[in-house]
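Notes follow the structure.
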Amino acid sequence: MKALIDKLTKNNNLGRKELIELLLNLDEENKHYLHDQARKTTAKVYSRKIFLRGLIEFTNYCRNDCAYCGLRSSNKRCERYRLSAGEILDITTQGYNLGYRTFVLQGGEDPFFTDKRLTALISKIKARYPDCAVTLSLGERSASSYQKLFEAGASRYLLRHETRSEKLYSKLHPGMSSKAREKCLWDLKKIGFQTGAGFMVGLPSQTTEDYVADLLFLKELEPHMVGIGPFIPHQDTPLSLASSGDPELTCIMLSLTRLLLPEVLLPATTALGSVHSRGWEKGLQAGANVLMLNLSPPEIRKKYTLYNGKTSIPDEARIHLQAVQERIKRTGNIADMGRGDHISLSEAFEVSTLV
Ligand code: SAH
Ligand code: SF4
């Protein structure tokens, strides 16, 4: 197995069969080796910087009915809210003053947020804070809508492909199609967004072959960002009785992704931090280099429950920011609140390639 890990580290690629063989035969020793190689690769590309993002969960209305998610439209027990443009701007001001230079606006697929409303909001944030990156995570929209959002000043978009297994995808997403989702991802890339894809680990009936298909899809798409987190059940969904995804397996997926795409921006996700008390640390040790901290007002957080037991830290982005920075330091890394663009688009890269 060590030879396969070395080959992956050197070539940043492995075939389907090799990835399956690796996943089926990883023992503890090889797992450590894999994480070490991934962590070293991250350090080579991004040194020891861990980028902090400020997350704003601005609407929990959603027209979709994803089987795993607490915001699904048929969950009538979900108390819906949406923040006003003024409230969102106020949060960006608080975030800016704390040092955040990336704001991630995330929400359900809420038809209230038309192109007009969103472009007005993005323009206002960019006018106030031109040095900040605006990342969107709002689900599927048309290419022309994405184009307008990009022109208004958003520069990054997170849209996980969720799973590459068509069978599993259609079971979990009534009325949606994996083809349409993938088209969105290609559209986003073509428009010029730093684009994020990704998947969940531990969905009911998900197989090793499915994970390998996810990894190979990522290699083909070459996204700038990849979000990988364990599935966690939510009490008011059809998957309420399913078990959570395994944090160890999630970290293996993080390391494989890092080695397949050395330059990728890879968060240690909130879900990983929720299934394991040291989930963030484990993610960073497996090659992750981003943390998304929740800037949403504490009083609305309970309503934005994609899954049960979302991190236990009450206000990590504000009150406990220093504690988070300390946790990062203890992993041998440094918290960085700068924009943290993908290395191919960052100023440092431009300078170093010009010289
Ligand atoms: N509506 C947007 C963004 C919000 S959901 C979208 O779907 O893209 C953001 C991510 O949360 C999803 O991509 C999904 O992978 C994750 N998620 C939703 N429910 C989850 C659950 N029960 N366990 C783990 N992750 C979940
Ligand atoms: Fe809506 Fe996203 Fe949840 Fe699906 S995962 S129900 S699109 S918020």
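Counting starts at 1 for both ligands and their atoms, in listed order.
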Using a cut-off of strictly less than 2.8 Å, determine whether Cys69 has an N/O/S atom near atom 4 (Fe) of ligand 2. no

Ranking His234, Glu140, Glu57, Arg181 by closest non-hydrogen atom to atom 7 (O) of ligand 1, top hit is Arg181

Run the numbers for me: atoms of ligand 2, each under 4.0 Å from some heavy atom of Cys66, listed by number. 4 (Fe), 5 (S), 6 (S), 7 (S)

Check for me whether Tyr304 has a heavy atom closer than 4.0 Å to any atom of ligand 1. yes

Is the Lys NZ or Arg CZ of Arg82 less than 6.0 Å from the centre of Tyr61's six-membered ring, within 45° of the axis? yes

Please identify which atoms of ligand 2 are closer than 4.0 Å to at least one heavy atom of Gly108. 8 (S)

Around atom NZ of Lys189, are there more than 12 heavy atoms of other residues, nucleotides or ligands at under 6.0 Å? yes

At a 4.0 Å cut-off, with the gap strictly under it, does some heavy atom of Gly229 reach an atom of ligand 1? no

Checking Arg117 against Phe112: charged group under 6.0 Å from the ring centre and within 45 degrees of the axis? yes

Could you tell me whether atom 14 (C) of ligand 1 has a protein heavy atom closer than 4.0 Å? yes

Counting each atom of ligand 1 from 1 as listed, which ones have a heavy atom of Cys69 under 4.0 Å away? 19 (N)

Could you check whether Asp187 pairs with Lys190 (Lys NZ or Arg NE/NH1/NH2 to Asp/Glu carboxylate O, under 4.0 Å)? no

Return the residue, atom name and 0.1 Å-rounded distance of the protein heavy atom closest to atom 12 (C) of ligand 1. Glu162 OE2, 3.3 Å

List every atom of ligand 2 that sits less than 4.0 Å from any heavy atom of Cys62, numbering the atoms from 1 in the order shown and giving each element. 1 (Fe), 6 (S), 7 (S), 8 (S)

In this structure, does ligand 1 have an atom that sits under 4.0 Å from one of the heavy atoms of Gly107? yes

Tyr169 six-ring centre to Arg181 NZ/CZ under 6.0 Å and within 45° of normal: no

Under-4.0 Å protein heavy-atom contact, atom 2 (Fe) of ligand 2: no

